[in-house]
Every structure is written in structure tokens, then in C-alpha cells.
Amino acid sequence: MTDTEWVKQKLKSALGEPEVPEALLPDAMMETIRDTEEHCTISLSKIMRRAVAVAAAFLFFATALFYSLSRMEAQIPECSSANGVHFFSSEQEIVSEFSAGLPIYNFMYGKLWAEDAVNESTGATGAIDNGSTKFSAPENQAENVQEADGSLTDGDWLYTLNGYGKLFIFDVSDPTAPVLASELSLPDESYGGELFLDGNRLCAVSETYNDALGGTCTTLQVFDVSDRTAPDETARFSQEGSYFTSRIVEDNLYLISRKIPDFYGDYTENPDRLLPHIAREGKTYESVSPTRICRIGETRNSMFTTLSAYSFKESRVTDTLSVMSNTNAVYCSESTLYLSSPEGAGSRITAISLNGGEFSVRAQATVDGCPLNQFSMDEYRGDFRIAVTYDTSDATDNAVYIFDSDLQPKGKLTGIAPDERVYSARFMGEKIYLVTFRETDPLFVIDASDPTAPFIVGEVQLPGYSSYLHPYGEHLLIGFGRHVADGDSRDGTKVSLFDVSDPQHPQELDCVIFEDAFSDALYDHKALLIDTSRSLIGFPLCVGGELPYAFAVVGIDENQQLTVVRRVNTESPVYRGIRIGDVLFTVTENALSADALFSDIHYTTLFF
């Protein structure tokens, strides 16, 4: 018996069909949900979505793992590639690709979620960059690259999605007396989603389950909101797969989704089941052409990452590209989209040129380790930079890699904080800031002025960790994360203000700790309101008690000290906080509340 046969036999006897663990059975999951609700960590709907995700992930992993091993000894078809990129010529060639076997590690690498890991498909809220202090607006990671959010405002109107396929537009011209202007149902029982706003153009991205395809699809809708009381849908486009993220660069919206192919049944007789699909203007779904589907490198991946470019000028999708990639992080600059996907104990980075809406795969490279999220990647002066955590023989370590525009190695810094892992990263020009954690929270300052030889110039050790870093002016850094009192006892949410004016001696100027409080912003940075024009930081909290939820606002005064300026308690989890003038709006799953920002006055609550 060969080693492969032995492993297959052991897995088959262990997995069977396979069985679901007792902890994932419905009764056990509901008991866990009830216990979690009692401790007020997250909302019931979020817990349910996560529980279902865990169960689905386990079943998929188990069956796909056995499937992979059953194909391990199949012959891998040869193919010609340019720069490690291979585009397919036919559906049958893609069938042969999957018949060659799937990589086991792609189902195992990384966590499904963590309170300290920031979700990709979710910039943080910050001040609008037009010199105005009238209202807060989404903060974008990269210059001239717009990111989406679930709630937005232009100062006179507030737009929000409730997570269940409903779009609401409120008249907030008088912030103390908001009025519901219109309500719109998105198609096919949509759920989740994010919004883009540009003048009288509103874009909504949502998910829905498609019975014909037997899976999740991502839909983009474009609305003319010249009349906010009657939004007019002007375009619609859908692509198969779960929504991952999106960006707007110039006049193009880039939509990214991920699809797990349908391995079950005899797909050799119906290869269309394997392929990703798209639908233009709400028409019937059609498969993406094999000539626009590619594999990067020699690794057989288990997932399609599909990218589509929608042109606002031409009011149509100009290109769709599917990459066989289990993408877990995306960074987008003005010219390039970078995909990171796990490969063994490392990651494969793929650079895709945007070309004004016509994709071309420019380069690819591999690194040891895995980035945490989008903020672990950056493009600066044509160089691509990435911070990762990687495995050593008996522990973990961390590194920064720098590549040129063709993803050729240029410089690296390894051995950063052995036995720890990256909890947050921020690239700011020639400086790179990393937070790692095990028992304390080192904030490292890395000098990357010479991209061929980055080095650690300074650090500060603190209890706890920051899961998100945000620049505040030229020499200050805001940290948002968890307070850790003793060892790994995480007993509060913490806001820190760091002075990095002296890179050799960074220091924490002040901090505010909310004891025994948890925040969704620990894993969803878009839940943060960072309003630099008013020196404010806002975030949701879960605190327990009669009013178990809250939205807190911390201010930075002229002496660079932090003070809690407002705290609004609610009965339901707060998803977003938005400032208009001196009014704080909080958005929950079914209500919009308006409160005075600098006093205890509550103006109104509108339920929807």
C-alpha cells in the first residue's frame, strides 16, 4: 500500500460521508447562540450567519479534502504559460485541471474569522477630503481609490442598507429631524451589501442565492438618485460567487467575488457547472469564457476569484476575468489590483493591471507567510510591499517583503517579533508600522526609505494590542484594539494615541479603556468612525446590562489627550456611526437615531 493510499484509507474511515461534529449540530449551535447572546458579544443575526458559515465550511472542507486525496495520483495536464500565467482554451481543459486534483492546504489555511482580524470586504469612516467639516465620510486606504460602505451621507441625505435587501434614503437636511424619503427593495431577496455614492449616482452591491446556479451571486445595481424620493435603476450586473470587495477608480467600478466550483456529480459531462457565470442587465447567466479564466503558477486552486469592470462612461461591463485563486486579501492602487492567496505555508501575490477597465495579469510572486488583511499590503513609488506572519520550525515569525513593479524581489526584513504574529499594519510613505502580539503589544517603526534594506528603527512595548492603525496628522497614529491586563485575559476595548515623530522612540501619549466591552470594529474596520476634521474617533460597543449596546465617541484635545465626549446606549447592535454637523447618527439593523454630539440630547429615532 502506498503512502497516498494509506492516507486515503484513514481519511475515508475517519470521515465517512462525512459526519458533522456534535458542536455543529442545530441544537448545539442554538445553545451556543443563546449563551453568546447572554454575554452580549455580537448580535443574534451575526452569530447565526457565522454559525452557518462554520458548519458549511466544515462540510465543504471534509468532502473536498477527501475529493482531493482521491485525485492525488491523477496525471496533471501539461500547459504552456507566460510568466507563470496560463489562460485556458476550452471548458474541457478546465475539467482536466480539476480532475488533476485540488490542493489540500487551501481549505485549511487561515481563520474563518477572528475578533482581531479585519474583514476585507469591509476603509474606516473618516473625514471627507474636501476641506469641509460638515460631515464624516468613508476613508479610503489608497489615494484616488474609492471604497464602499453600508451607510453613507452627502450631508443632506443619508443612505443605508439594512442587510436584508432594503435600501433606505433619509432626508437629513435638518439633522435634528431626519425624514425617510424613500425605501427600495433590492432584487431576489438580497442580503448584505455595500454602497458607493458620487453626486446623483448611487451604486449598491448585494448578495443573493440563485436557484438555477445553486449558489450565491453578487449583484451590482446603479441608481440615478436625482430624485431621492424615487431612485431610478439605470444598470444591473451580476456575477456568480460571494461578494468579497469592490473599488472605484476614475470612471470604473471593480467588482470582486469568490466561487467554489461545483465538484459534485459528473461535471465531466456538464463542465459548465464548474465555471463562474455572469449576467448582464439582469439577463440569463452565461459562463465566463475559458479564454478569460486563468491559473497562476503551477498550483491547482480550489476557488475562482472573479473580477469585473463596470464603466460608468459606457454604462456596461467592459471586461471579466476569473483567476483560479483562493483570494484572502486584496489591495488596489490607481493602476493595479493585487490578489493574495494562500499557497502552502506562504502566499501567492498576483498583480493585475486595471488598464481603465481591461484586465491584464502583469506579474506574480510568492512569499513566505500570509498577510492579515488589505492593510498588510501597499504600493509606494511603484514598489509593492507586504507584511506577513510565517511559520518557523517550532513557532511563528513576521516579515516585510518589498517587490518592484514586476514583482521581482527588491528587499526584505525578516525575524520581526519571533513567536508573535501581526495584528495590524499601516504603510505611511517611507515608514511602516506593525503591531504584533503574544503577551504584550510591540508597535514597530520600520524605515523603508531604502527599499532594498528596510530595518526596524524603533519600537514601544505595551499591554494589549491594536487591531487597526490609522494616521492622524503627520506624526500621530491612532490605535484601536484590545486591552490585556494579565497574560491573554482580554478584558476591554482600547483606543490609543501614539506619537511617532521620533521614529527611534515611539510612545503612547494617552489611551482610553472600555472595560469588559467588546466592539465589532475589532474585526470590521468600517465600523469605526474616524473623523480627523473634528478630531473624533467613534465605534460600537457591546457592554451588557439593560441597554447592552452603545456607540462611543472619543475626542483628541489640543494637548493630545483622549476624552470620551459622547456615548449613546441602544437596545440593538450599532452597525455604523455618522456625523453631520454636531449631530451623531447611529444606524442599527432596523433604526436610525439622531443624538446631539456634545450633549445628552436625543433628537429622534426612526424605525424601518
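Residues: numbered from 1 along the sequence shown. In this text, all values refer to a predicted model and were calculated from it rather than measured experimentally.
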- Any chance CD of E250 has more than 12 other-residue heavy atoms, nucleotides or ligands included, within less than 6.0 Å? no
Given the side-chain rings of [X] and [Y], with only the six-membered ring counted for Trp, is the space between their centroids under 6.0 Å?
X    : Y    : value
Y331 : F375 : no
Y209 : Y191 : no
F480 : F539 : yes

- Apply the side chain to side chain contact (heavy atoms under 4.5 Å, CB included) test between I296 and each candidate in I352, L339, V361; give the one that qualifies. V361
- Query: Should the ring pair Y310 and F312 be called parallel, tilted or perpendicular, given that the plane angle runs from 0 to 90° and is split at 30 and 60?
  - Reply: perpendicular
- Just do the salt bridge (Lys or Arg N to Asp or Glu O under 4.0 Å) check on R292 and D319 with the steps written out, would you? CA-CA 9 Å; R292 296 301 291 156; D319 194 13; 2.8 Å; yes
- Say whether N355 and S360, considering side chains only, have a donor N or O and an acceptor N or O under 3.5 Å apart. yes
- Message: If only side-chain N and O atoms count, and only distance matters, is there a donor-acceptor pair under 3.5 Å linking S257 with Q239?
- Response: yes
- Would you call R576 and D520 a salt bridge, using N to O less than 4.0 angstrom? no
- Message: If I compare all heavy atoms of S311 with all of T318, which pair ends up nearest, and what's the gap?
- Response: CB-CG2, 3.7 Å
- Task: Indicate yes or no: at least one non-hydrogen side-chain atom of T305 is less than 4.5 angstrom from one of S322.
- Result: no
- Message: Checking Y285 against S238 for the side-chain contact (heavy atoms from CB on, under 4.5 Å) test, could you report, in this order, the C-alpha distance in whole Å, the side-chain angles of both residues, the deciding distance, and whether it holds?
- Response: CA-CA 8 Å; Y285 279 88; S238 298; 3.0 Å; yes
- Message: When you measure from the side chain of N210 to the backbone of T216, do you find a donor-acceptor pair of N or O atoms at a distance under 3.5 Å?
- Response: no
